[in-house]
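Order of the sequence lines sets the chain letters (A, B, ...), proteins ahead of strands, with each chain counted from 1. Note that this is a predicted model, so its numbers are computed, not measured.
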2 protein chains.
Amino acid sequence: MSSITEVAKLAGVSIATASRVVSEADYPVSAPTRERVLEAARTLDYVPNALARGLQKSQVPVVGVIVHDITDPYFAEVVRGVEDAAATSGFLVITCSSERNPDREREYVRLLRSMRVAAVIFAGSGLDDPALNEELARHVDGMREFGAAVVHLSPHALGEPEVSVDNTGGIAAMVRALAGLGHRRIAFLAGPTSLYVARQRLEGYRLGLTDAGLEADERLVVHTPFDREGGAAGVDALRGSGVAFTAIACANDLLALGALARLAELGVRVPDDVSVAGFDDIAVAADTSPSLSTVRVPLRELGRHGFAQVEHLLAGRPLPGEVLPAEVVLRQSTAAPAALPAATRGTP
Amino acid sequence: MSSITEVAKLAGVSIATASRVVSEADYPVSAPTRERVLEAARTLDYVPNALARGLQKSQVPVVGVIVHDITDPYFAEVVRGVEDAAATSGFLVITCSSERNPDREREYVRLLRSMRVAAVIFAGSGLDDPALNEELARHVDGMREFGAAVVHLSPHALGEPEVSVDNTGGIAAMVRALAGLGHRRIAFLAGPTSLYVARQRLEGYRLGLTDAGLEADERLVVHTPFDREGGAAGVDALRGSGVAFTAIACANDLLALGALARLAELGVRVPDDVSVAGFDDIAVAADTSPSLSTVRVPLRELGRHGFAQVEHLLAGRPLPGEVLPAEVVLRQSTAAPAALPAATRGTP
DNA sequence: CTGAAAGCGCTTACAG
DNA sequence: CTGAAAGCGCTTACAG
């Protein structure tokens with residue numbers, strides 16, 4: 001693997017000049033000299049050493065993305081958005097599936113620091129874990145100190161996210177849509193209590209209820225983990241409690257998928273017996289049967305904007321905070337409640 | 001951010017000694033000295049600079065994974081396996097969604113080379129593109145030359161994959177299973193012709209047909225891209241051709257998902273009117289309705305074994321090539337063909 | 001067991 | 001416009 005020294009030698013110039021040419025530095029080099037260096041680099045198949053350059057600059061063109069789990073379609077989509085934007089700028093993307101495990105998260109941040117990555121994007125929501133957050137704050141300060149950009153894509157303990165999605169408004173809109181179909185008893189699979197994003201969505205549920213003039217009933221709110229199993233467990237909890245409901249809004253699509261599967265097992269028809277709605281609009285939401293009504297969140301966009309913010313931060317001109325819109329998408333899993341007299345359907 | 005120089009100073013030793021302690025070098029250092037260095041590192045919150053170390057060693061503890069698309073559940077699962085194994089060894093994982101685009105793939109490999117990553121794992125299958133493969137071969141040679149490990153997880157132009165999955169055997173087993181249910185006319189959505197992995201699976205289809213004593217009919221084989229849209233298009237092509245079939249085997253789950261969706265739109269009942277089977281067993285396969293019969297491939301395992309191979313390669317002791325088993329999983333999307341007299345059902 | 005020194009491959013004031 | 005030289009933070013023969 002040839003180094004800049006060899007390129008310089010072949011071109012008959014100093015390594016300083018060679019460096020200026022190949023690194024596209026903003027520094028005058030005569031056209032013929034430049035051409036000779038470029039030619040030498042080409043014939044030697046020169047690939048600059050990013051580590052040497054990074055050591056100099058205390059920074060490599062790499063962005064780390066901390067996600068809950070890359071196999072969760074939500075995060076895969078966000079990471080893809082980051083990747084696409086990053087590729088355009090010659091940045092590489094490191095994915096870190098922390099499983100929301102403080103130890104794993106800690107370890108990943110440590111490794112990213114040791115790599116002197118130019119930026120870290122926290123794609124997952126913050127956990128309400130004071131000890132972890134304190135340590136994270138230390139690391140984040142440490143990273144910013146040496147010039148790294150830190151960007152959050154969802155609510156967390158350390159401040160406002162730089163880019164995020166309208167969680168509260170999105171869920172509220174879905175609840176209003178369900179109310180608009182005639183539902184009065186709308187249950188909510190709220191996800192874990194310890195996650196800030198889940199709290200925002202729960203707030204959205206309450207807001208939607210208020211907007212629709214419906215009364216809140218805490219027995220209709222079930223907390224479970226944010227996955228398929230949680231959705232199934234939520235359905236069981238709801239049915240076990242004996243409380244009446246005609247629709248289930250879910251804080252994310254994975255919960256809705258789990259709920260759909262469990263209801264099918266139980267022989268409960270969707271949407272005939274109960275309506276189900278998700279949140280996120282991951283790719284499979286359109287492929288389930290019945291297809292899932294949900295709230296579309298521009299996830300890839302979220303990743304792209306996250307990286308855009310990184311670039312602005314690195315350039316010293318941070319963009320103002322940004323909240324991406326969420327939009328209700330009604331598919332087959334929601335309908336007017338069966339028990340309702342036809343006349344009242346559709347009037348909220 | 002403190003450096004080893006400061007640690008050495010605080011501990012009152014040379015940087016050589018400090019280095020030997022913090023890098024856990026295999027070199028004798030007296031216990032009390034060691035303790036003082038460790039103590040100093042702790043109080044200074046010392047995080048070693050991986051770039052400086054990597055510059056020395058011409059290698060950083062990072063593995064790049066080239067995938068088709070991280071939002072494709074197949075690849076997300078493989079990457080997760082790599083990540084889990086890598087984390088155990090203190091390696092970070094860079095994901096590169098190349099979209100099977102030669103230019104993107106080229107550019108990613110170049111960036112990975114410039115980063116001096118310790119290894120590159122090609123998770124996606126090879127493309128039959130001579131120009132690209134020639135260039136890839138050059139890069140791969142270049143990487144191996146400076147000590148990087150290169151591992152392939154599926155068939156490609158440059159040789160046998162180090163770790164892979166029994167594509168041919170898996171599809172053949174599924175075809176035999178369908179024949180076992182009584183199907184005689186089994187169509188095959190084969191994916192793209194230019195992908196080596198698709199060719200292996202097509203071979204598996206033919207093998208399964210032969211095993212079951214069924215005749216091949218080329219009109220039953222449809223080539224489309226490896227995604228949902230391809231599955232829908234495949235169904236249309238099959239129906240448009242007017243050829244008779246009672247089952248559709250698909251070369252991957254995404255095709256099957258697309259087929260399922262299109263059949264539902266068309267009012268064709270699955271499995272009553274036609275059986276559908278996939279390949280890979282991605283997470284959603286169990287959640288569709290009807291749930292998808294498929295071939296389970298240990299994807300996370302594939303990623304884990306891929307990284308294990310990387311470590312062995314880096315240690316200079318490559319593991320022998322390995323083919324992971326694939327296993328038929330029958331769910332709701334397959335059944336005996338309706339037209340068949342009950343007496344003959346189940347006998348192949 | 002300990003340390004002084006060279007060197008990994010770049011970038012960038014500084015001098016010309 | 002060009003180049004000599006210092007330095008980024010480590011590791012590792014080499015000498016003691």
Side-chain angles (χ1 to χ4, degrees), chain A residues 1-38 40-41 44-61 90 113-118 142 145-148, chain B residues 1-38 40-41 44-61 90 113-118 142 145-148:
Chain A
M1 207 113 174
S2 48
S3 72
I4 197 160
T5 311
E6 303 169 48
V7 172
K9 192 173 298 170
L10 181 59
V13 300
S14 70
I15 61 166
T17 299
S19 167
R20 283 168 191 139
V21 174
V22 299
S23 69
E24 291 168 2
D26 182 26
Y27 199 90
V29 174
S30 77
T33 306
R34 176 179 303 275
E35 199 35 67
R36 260 186 304 143
V37 172
L38 256 16
L44 290 173
D45 189 22
Y46 171 67
V47 180
N49 186 322
L51 302 180
R53 177 159 228 263
L55 177 59
Q56 255 300 321
K57 303 238 167 198
S58 269
Q59 192 160 106
V60 273
R113 272 185 85 169
S114 84
M115 281 284 302
R116 303 307 194 257
V117 298
E145 202 178 300
F146 73 83
Chain B
M1 208 112 173
S2 48
S3 72
I4 198 161
T5 310
E6 302 169 50
V7 172
K9 192 173 296 170
L10 181 59
V13 300
S14 70
I15 61 166
T17 299
S19 167
R20 284 168 191 139
V21 173
V22 300
S23 69
E24 292 168 0
D26 181 26
Y27 199 90
V29 173
S30 76
T33 306
R34 175 178 303 275
E35 199 36 68
R36 260 185 305 142
V37 172
L38 256 17
L44 290 174
D45 189 23
Y46 171 66
V47 179
N49 185 323
L51 302 180
R53 177 159 227 262
L55 178 58
Q56 255 299 323
K57 303 238 168 199
S58 268
Q59 191 160 107
V60 273
R113 272 185 84 169
S114 83
M115 282 284 302
R116 302 308 194 258
V117 298
E145 201 179 301
F146 73 83

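Residues from residues 8-15 of chain B that place a heavy atom under 4.0 Å from any atom of DNA chain D, listed by number: B:I15. DNA chain C is contacted by A:S23, A:Y27 of residues 21-38 of chain A, taking any non-hydrogen atom closer than 4.0 Å. Listed in residue order, the members of residues 45-59 of chain B having a heavy atom less than 4.0 Å from DNA chain C are B:L55, B:Q56.
When all heavy atoms are compared, the tightest approach of A:V22 to A:A41 is CG1-CB, 4.4 Å. B:T5 and B:I15 make their closest contact through CA-CG2, 3.8 Å (heavy atoms, listed as atom of the first residue, atom of the second, distance). When every heavy atom of A:A18 is checked against every heavy atom of A:V13, the shortest pair comes out as N-CG2, 4.1 Å.
Every residue two or more places apart in sequence or in another chain was checked for a salt bridge (Lys or Arg N to Asp or Glu O under 4.0 Å) with A:R36, and none qualifies. For the side chain to side chain contact (heavy atoms under 4.5 Å, CB included) test, no residue two or more places apart in sequence or in another chain qualifies with B:S58. For B:S114, the side chain to side chain donor-acceptor pair (under 3.5 Å) test picks out no residue, with sequence neighbours left out. Under the rule for a salt bridge (Lys or Arg N to Asp or Glu O under 4.0 Å), A:R53 has no partner lying at least two apart in sequence or in another chain. With sequence neighbours left out, A:L44 forms a side chain to side chain contact (heavy atoms under 4.5 Å, CB included) with A:S2, A:E6, A:V7, A:L10. Considering only residues two or more places apart in sequence or on other chains, A:V60 meets the side chain to side chain contact (heavy atoms under 4.5 Å, CB included) condition with A:V62, B:L51, B:M115.
Residue pairs meeting the salt bridge (Lys or Arg N to Asp or Glu O under 4.0 Å) criterion with at least one partner in residues 26-35 of chain A, sequence neighbours excluded, are A:E35-A:R42.
C:dG9 and C:dA13 have their P atoms separated by 23 Å, with the value rounded to a whole Å. Remark: the separation of the C1' atoms in C:dT12 and C:dG16 is 16 Å, to the nearest Å.
Remark: A:L38 CG to A:Y46 OH distance equals 12.0 Å, nearest 0.5 Å. Interatomic distance, A:R20 CZ to A:S14 OG, rounded to the nearest 0.5 Å: 6.5 Å. Between B:S23 atom OG and B:Q56 atom CD the span is 10.5 Å, to the nearest 0.5 Å.
Chain B approaches DNA chain C within less than 4.0 angstrom (heavy atoms of the protein), and the contacting nucleotides run 5' to 3' from C:dC1 to C:dG9.
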Check your understanding: Given pairs defined as Watson-Crick or G-U wobble with both distances under 3.5 Å, what dot-bracket annotation applies to DNA chain C, with ( ) intrastrand, [ ] crossing, | other strand and . unpaired?
Key -> |||.||||||||.|||
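Between the side chain of A:Q59 and the backbone N or O of A:R116 there is no donor-acceptor pair closer than 3.5 Å.
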